[in-house]
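Input: a single structure, listed below in C-alpha cells.
As the structure is a computational prediction, the values presented were derived from the model and not from experiment. Sequence lines set the chain letters: A, B, ... in the order given, protein chains first and strands last, and positions in each chain run from 1. The figures that follow rest on heavy atoms only: side chains count, while hydrogens, waters and symmetry mates do not.
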Amino acid sequence: MVERSKEGESLRFEGIGKQFPGVRALSDISFAVQPGSVHALIGENGAGKSTLLKILGGAYTPSHGHLQMGERPLSFRSAADSIASGIAVIHQELHLVPEMTVAENLLLGHMPSRFGIVDKRAMANRARELLAGLAGEIAPETRLGSLSLGQRQLVEIAKAMSRNAHVIAFDEPTSSLSAREIDRLMTIIARLRDEGHIVLYVSHRMEEIFRICDAITVFKDGRHVRTFETVEGLTQDQLVTCMVGRDIEDIYNYRPRPICDEVLHVDGLLGPGLQLPVSFTLKGGEVLGFFGLVGAGRTELMRLLAGLAKRRAGEVRLEGRPLALNSPREAIDAGILLCPEDRKKEGIVPTASVAENINIAARHQHARLRCVLSNRWERENAVQRIRELNVKTPSPEQQILYLSGGNQQKAILGRWLSVPMKVLLLDEPTRGIDIGAKAEIYQIIHSLAADGIAVIVVSSDLMEVIGISDRILVMSEGALTGEVLHDEADESRLLNLALPRKRA
Amino acid sequence: MATQHTALNDTPRRQLNLRRFFNDWAMPLAALLIFLLSAVFIENFLSPLNMRGLGLAISTVGIAACTMLYCLASGHFDLSVGSVVACSGVVAAVVMRDTGSVPLGVAAALGLGLCVGLVNGIVIAKLRINALIATLATMQIVRGAGYIFSNGKAVGVMQPEFFYFGNGMLLGVPVPIVITVVCFVFFGWLLNYTTFGRNTMAIGGNQEAALLAGVQVDRTKIIIFTVHGLVAALAGVVLASRMTSGQPMIGQGFELTVISACVLGGVSLAGGVGMIRHVIAGVLILAIIENAMNLKNIDTFYQYVIRGTILLLAVIIDRLKQR
C-alpha cells in the first residue's frame, strides 16, 4: 500500500541519477522543495528537467537515489504509484481525450455507476464540483476538443485536484497559453501554494518565474547546479550565467576559414512556423549557426529551404537565381541538402541497407536511362563514402537500423556527399550522438566549409553552436531575434536573445 | 588507412548472415520442403497431368502477386485486383463479340486495368486516401461494371486465336505458365536493379525519408498502382482465355489470396521488405497445399480453415521477425 503524502511535508530528491543506454541523463540530483512554495526548475534544453519530472511522475525509475516525502522514501513502479502517493505531473502534451466530454475526462477510470451503467447526472454534478473555483464557466457536458488549450489545462488541473494531489508539477504550462490564460494560471498556482501544496514549475520564461516562484533550482547537463532559496535580489543575468556554466571542452576545433561569395540569399521568407518574415544571407565556406529554444521555428525554416514545406511569401535565391523549392527533389537538384532533425523518422530508411541509404539520392544520375542501376557505381560509391566518413558497419549490406546514431548520421552525410552540394542544412546534427562521433561530425562540417560549401547548423546546444559557427542567428517564437559573430558570441548573450519576450 | 579498412570488418558477420539467410530463404525452402513431402506422400502428385494443373493454378495468382509485391513493398495494398481480373475478362469478351477483333479485345481489357490502377494510384498518392478504403471502393465499382458490361452473365468468346493465352503451348510449356515465369523474372529484376524498384522499397521503409532524399514519392506510387492494374488485367485475360469466356462473378476473394500468398512468402505488410522469391514461395506454398488437399479429397469447408490457419501463422511469423 502506497502511503499518501500529507500536508506540511517537504519533497526531497536524494541523489537521483538516471542512466539511459549510452547517455547519463541525470546524475546525483539532491534538493528539497518546501510545502506552501512554488519551486522553479530551470536549465537549457536537455539539462534534465523533463527527465526529473518523468521520474517524479513514475514514468521512469531512477538508476540511483530516491524521492523522499517528509521522512518516508518513495519508490514508484508505475505512473499509477505516483498518482496514488499524491503527485500530479501536468505535461506539455495533456493526457486528455479530446473526443470525450469534460466530465468523462475528469472522472475517467472512476465514473459513478450503478451496475456498470454510468450515472450521468451524478457524473455531471461531481464534475461541476471539481471545476468550481477553477473554471466554473466550463460546462461538464462540453466536448473537451472544443475547449481552448488554456481551458484544457484547467481541466487537467481539476483532474489532479480530484485525486487530492499534494505535489503538482507543471512542465512548461504556458507555452501555448494566451496572456489572459497565463494570468489565470498564475492566480491558481498562487492559490495552490497558499493552501500548502508543493508546486514544481518548469519554464523557460524568466518573467513568469520571477513573478510566481519562491525558490529556483538550476540544472545543467543533467546535474544540479544550484538552488536559490529565495528570488529576492536575484537577476536574470545571474540565472543565465548559472544555467550556461563555464566548462567548455574544445572538441570543436574552430579555425577561421576564407569565406567566399554569397551563395544563399533568403528574403522575407514566411511559412508554417514562422511568425515574422525571415531574411538572411549565407556565403560559401561559411558555417552559420541557428540557435533557439525548442519550437523557435528553426526546424520549420530548414524544411522551407529543403522544399518540404510551402512558403507563403518571400524569396530564396541560390547564387543569384530564384528557386521555386516546390519539392525536396528541386532543392536537391539545386544543391540544397537537409540532414533532418529526427533521424529515425525522416532520415534513414530503416528497412534498407547502409549502401541503399547512401545511394538513394544520387543513383539516378548514374543509372542508364536514369532507370537501370549501375551495379558498379552502387558498390563503389557506398564503399567510398563509408571509408571517407569512417562509418562503422560490418558491411555496406548491413541494415542501417542496427548502426549507432552517430554512424546513421554519417551515412546520411554520405548520401549528400554523393550528390553535387552547394548548401548543407544540418538540423541538430549531433543530438543523441556520443562525443567521439560528435567530434568527427564537426570535422566533416569544417572540411566541407573549407571546400567552399555553405553550411547551416541548427543546434539547441549552446556550446556546440558557439564552438563551430562563424556566425550565429538566434530565433525565438518564429522570428529572427539577433545575429552574433563567432568572436563576440557568448552563452548569456545568445540565451537572452533566445528566451521568449513578454507576450503582447 | 588501416583503421578505415577495419571499420568495414570489425563486427560479427556470422550472426548477421544467419539472420539475413533466414529472412531471405526460409519460405522458399519451406515451399521446396512442402513440394518434396507432397511428392513422396501423395499419390499422383507428380503425374504430368497434376503438375500441369498445379502450374495453371499458380499462374493467375502468380501474375497478380508480382505487382501486388510492389503495392505491399511501398506500404500499401490493393483490394480491387479480383474485380479487375473479372472485369477485364468480361471487357475482352464483350469487345471481341462486338468487333470480332482479338487485338482490340485484349487492348481494351488491358486499358481497363491500366485506368483502374491509375485511379487507385492518384486517389492514394495525391488525395492521400487510405489504400484500404480507396481500393475497397474501386473493387466494388469495377465488380459492378463487370456485371453491367456482361448483363450479369458469362460472355462466350468465339475467336480461337484468343484461346492461345490460356490453353496454348510454347516450347512444350503451357502459355499461362510461360507468362507467369516471365512476370516473376521481369518484376524481380525491376525491383532489384532499377531506380523505380529501389524507390518503391524506400517509400515502404520510410516515406518521409524517401521524400527528403529526393524520391518522387507520389509519382512512384501512381506508377506502382497503374502497373499493378495493367498486370491484373493481363491475369484476367489469361483466365478468360482458359475459360473461353468472360465471367463477371469470378475472382471473388482473389485479392485476399494474392495478398495471402505475398505475406505467406515473407513480404512485410508494414512495407519496405519483400523480394520476388518471397512471392514465388508464397504462391507455391498456397497452390501446393490446395492441390494436395484436393488430391486427398479434403472437404472444401476444411480447406478454408486450413488456408486461414496457414495465413495466420505466416503473419505471426512476420510480426515476430520485426522484433
Using non-hydrogen atoms only, which part of [X] is less than 4.5 Å away from chain B: side chain, backbone, both, or neither?
X: A:D333; answer: neither
X: A:A352; answer: neither
X: A:I332; answer: side chain
X: A:R343; answer: neither

Picking from B:G272, B:G204, B:G197, which has the most non-hydrogen pairs under 4.5 angstrom with chain A? B:G272

Write down the atom of [X], the atom of [Y], and the distance for their closest heavy-atom approach.
X: B:G205; Y: A:V349; result: CA-CG1, 3.8 Å
X: B:A209; Y: A:G347; result: CB-O, 3.3 Å
X: B:L212; Y: A:W416; result: O-CH2, 3.4 Å

[X] side-chain N/O to [Y] backbone N/O, donor-acceptor pair under 3.5 Å:
X: A:R329; Y: B:G214; answer: yes
X: B:N206; Y: A:K345; answer: yes
X: B:T195; Y: A:R363; answer: no

Using 0.5 Å steps for rounding, measure from the [atom1] atom of [X] to the [atom2] atom of [Y].
X: B:D218; Y: A:S327; atom1: CG; atom2: OG; answer: 10.0 Å
X: A:R368; Y: B:Y193; atom1: CZ; atom2: OH; answer: 12.0 Å
X: B:N192; Y: A:N375; atom1: CG; atom2: CG; answer: 9.5 Å

What's the verdict on side-chain contact (heavy atoms from CB on, under 4.5 Å) for A:V372 and B:F196, showing C-alpha distance, side-chain angles and the deciding distance? CA-CA 9 Å; A:V372 182; B:F196 170 66; over 6 Å; no

With the threshold set at 4.0 Å, does a side-chain nitrogen-carboxylate oxygen contact exist between B:R198 and A:E356? yes

I'd like to verify something: which residue of A:L373, A:T351, A:I412, A:N359 has the highest number of heavy-atom pairs under 4.5 Å with chain B?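 Among A:L373, A:T351, A:I412, A:N359, the one with the most close pairs to chain B is A:L373.
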
